[in-house]
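The structure under discussion appears below in the form of structure tokens.
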Amino acid sequence: MKALLTALMLCAGVASAQEFTTLKGHGGPIMDIAVSRSGQVATASFDNSVGLWDGAVPQWLEGHEAAVNAVVHWGCGPDGTGCGVFSAGDDFAVRSLGGPDPRVLGRHKGKVTDLALSPGGGLLASASWDGTIGLWSLSGTPSAHLDAPGGVNAVAFESPSRLYAGTSNGVLMRYDLTKAEALPVVQHGFGINELVVTGDWIAYGAVDGGTRIIDQDGAEIADFTLDRRPILALAYHAETHQLAVGDGEGYIMIIDTANWRIARDFRATRRGPVWALAFSPDGAVIWAGGLDDVAYGWPVALLDAFEPGIDGQRSFLRAADTMPNGERQFMRKCSICHALTPGPSRKAGPTLYGVFGRRAGSLPGYSYSQTLQSADFTWSDATIDALFDQGPDHYIPGSKMPMQVIAGANDRADLIAFLKQATTANRQE
Ligand code: HEC
């Protein structure tokens with residue numbers, strides 16, 4: 001029986017590069033995922049537990065008295081056993097679970113939202129809504145708390161002595177531990193939920209959908225903000241220079257950080273949030289978790305490739321303020337689903353090439369909703385203006401196009417002017 005079980009577990013094994021995998025067993029949403037260097041997946045759940053997955057049957061790590069929001073691996077014993085994690089959650093506790101020494105490292109006065117291990121592993125940082133960052137020494141020196149200007153949603157180390165934190169009132173803070181210095185780097189205005197920090201750049205994701213890459217002084221490197229909010233998960237794989245972004249609408253976007261282009265973009269779940277993201281050790285699989293109690297392993301190579309909206313040269317990298325408003329509207333709100341060039345495209349929507357004067361729902365080869373197929377009007381300045389004044393759900397009820405209103409009449413006019421020149425053959429480059 002034992003041999004059979006082992007064989008089954010091996011077959012069910014953790015994802016190889018080409019398979020789609022689901023990890024089932026949690027009794028609540030998955031709030032965070034961490035992957036160890038050996039590929040072991042740790043899932044933190046609303047069901048108060050952490051699952052450690054080497055196959056289809058996890059080891060359950062219990063101890064928290066409320067939802068677990070954050071998990072990081074601390075490693076394994078020399079023989080590969082005794083693997084454990086640090087975890088934290090709605091019970092205000094920071095714990096080590098599994099391994100030879102499960103214990104409570106300490107407690108906050110509010111829920112704990114994120115954890116980060118310093119490079120080298122000497123220090124664990126915890127982000128809490130009590131307005132502090134806990135610093136838990138793993139080498140014997142006393143623990144400490146850093147004050148933040150608001151509840152803390154995210155924390156990440158740049159080096160053993162420098163860390164960044166994102167707060168619920170939209171401040172990105174930098175802490176220099178040797179100089180005991182705290183500096184606000186960015187005032188985003190909306191809560192910062194997620195952070196990735198490397199030696200070269202900082203990526204943050206915010207409640208308003210803001211997805212920005214900045215340098216250490218807060219200067220913008222790139223802006224990937226779309227009309228999707230909030231940003232709930234970020235994951236980075238340095239060797240393959242992939243940055244994954246998960247949002248409240250169920251999308252996962254993968255950015256190539258070598259050239260700051262969107263490499264892939266896909267709808268991971270039909271309904272609702274992507275709370276958790278983590279790459280496999282080789283960067284070939286992205287693990288994602290959300291509302292439906294299951295962690296998914298998606299082979300990155302099988303995800304929808306993203307085609308740049310206008311031509312290979314243009315991208316979101318161009319500073320938003322150097323782009324004319326109409327183009328910016330298109331890049332942010334439409335380009336993810338619509339091409340502007342003739343011919344078939346793999347995007348969710350039909351190409352908008354030649355859309356002015358085209359009868360609605362009439363592009364050959366595109367599979368429209370029933371609503372658009374039987375529509376009896378032509379796309380013009382006036383009809384496209386009405387489409388986004390009222391929103392597709394009111395203007396063409398039953399359409400596959402997502403709800404979206406562009407409130408500003410100027411923004412709509414600029415968008416239409418841009419579309420007019422960008423969707424015709426003799427457009428100016
Ligand atoms: C998340 C994807 C998505 C986004 C974002 C999106 N669209 Fe669409 N759009 C679609 C889909 C899907 C359809 C086809 C709808 C159907 O068949 O009901 C469509 C249809 C259309 C059509 C009708 C085309 C035709 O041939 O009948 C127009 C015009 C259009 N979109 C314009 C826009 C503009 C302008 C924006 C940005 C402000 C935008 N869309 C944003 C997915 C999207």
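Counting convention: from 1, in listed order, for ligands and their atoms alike.
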Go through ligand 1 atom by atom and flag the ones less than 4.0 Å from a non-hydrogen atom of [X].
| X | result |
| --- | --- |
| S369 | 16 (C), 17 (O), 18 (O) |
| A360 | 27 (O) |
| K333 | 5 (C), 37 (C), 41 (C) |
| R358 | 25 (C), 26 (O) |

task: Would you please indicate yes or no on a ring centroid separation below 6.0 angstrom for W201 and Y236?
output: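 Yes.
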message: Under 6.0 Å between ring centres: does that hold for H26 and W60?
response: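 Close enough - the centres of the two rings lie under 6.0 Å apart.
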message: Check contact between Y251 and ligand 1, using heavy atoms of the residue and a distance below 4.0 angstrom.
response: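 It does, in that a heavy atom of Y251 comes within the 4.0 Å cut-off of ligand 1.
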message: Contact between ligand 1 and L372 is defined here as a heavy atom of the residue under 4.0 Å from a ligand atom; is it met?
response: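 Checking ligand 1 against L372, which is what was asked, there is a heavy-atom contact under 4.0 Å.
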- prompt: Quick one: does G361 get an N or O within less than 3.5 Å of an N or O on ligand 1?
  reply: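 By distance alone, the answer is yes.
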- prompt: Does the N or O separation between S362 and ligand 1 drop below 3.5 Å for any pair?
  reply: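 Min N/O separation from ligand 1 is not below 3.5 Å for S362.
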message: Starting from atom 25 (C) of ligand 1, what is the nearest protein heavy atom, named by residue and atom, and what distance separates them?
response: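 The protein heavy atom lying closest is W379 NE1, 3.3 Å.
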- request: Quick one: look up the protein heavy atom nearest atom 34 (C) of ligand 1 and list residue, atom name and how far away it is.
  value: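 Here the closest protein heavy atom is F388 CZ, 3.2 Å.
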- prompt: Are R228 and Y251 close enough that a side-chain donor and a side-chain acceptor fall under 3.5 Å?
  reply: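 Their side chains do not contain a donor-acceptor pair, so the 3.5 Å distance test is not met.
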Taking all non-hydrogen atoms of both residues into account, name the closest pair between [X] and [Y] and its distance.
| X | Y | answer |
| --- | --- | --- |
| T225 | T211 | OG1-N, 3.2 Å |
| N410 | N325 | O-ND2, 4.4 Å |
| D54 | Q40 | OD2-NE2, 3.0 Å |
| D208 | R229 | O-NE, 3.4 Å |

field: Contacts of atom 8 (Fe) of ligand 1 with protein N/O/S atoms, counting only those under 2.8 Å
entry: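 Counting only protein N, O or S atoms under 2.8 Å from atom 8 (Fe) of ligand 1, the list reads H338 NE2, M401 SD.
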task: Kindly identify the option in Y366, F418, Y368 whose heavy atom sits closest to atom 12 (C) of ligand 1.
output: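 Of the listed residues, Y366 has the closest heavy atom.
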Shortest reach to atom 15 (C) of ligand 1 by a heavy atom, considering only G354, S367, G398, S399: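 Among G354, S367, G398, S399, the closest heavy atom to atom 15 (C) of ligand 1 comes from S399.
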query: Among all residues two or more places apart in sequence or in another chain, which pass the salt bridge (charged side-chain N to carboxylate O under 4.0 Å, His left out) test with D200?
result: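 Partners of D200 under the salt bridge (charged side-chain N to carboxylate O under 4.0 Å, His left out) test: none.
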query: For H145, what residues pass the ring-ring contact (aromatic ring centres under 6.0 Å, His included) criterion, not counting sequence neighbours?
result: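 Expected list: H108, W136.
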task: Establish, yes or no, whether the cationic atom of K420 lies under 6.0 Å from the six-membered ring centre of F356 and within 45° of the ring axis.
output: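 Yes, a cation-pi geometry holds between K420 and F356.
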field: Derivation of the salt bridge (charged side-chain N to carboxylate O under 4.0 Å, His left out) call for D381 and R412
entry: CA-CA 9 Å; D381 297 35; R412 294 196 303 272; over 6 Å; no
Quiz: residues 154-165 side-chain donor-acceptor pairs under 3.5 angstrom, not counting sequence neighbours:
| residue | atom | partner | partner atom | Å |
| --- | --- | --- | --- | --- |
| E158 | OE1 | Y164 | OH | 3.2 |
| E158 | OE1 | Q216 | NE2 | 3.4 |
| E158 | OE2 | R162 | NH1 | 3.2 |
| S159 | OG | S161 | N | 3.3 |
| S159 | OG | R162 | N | 3.3 |

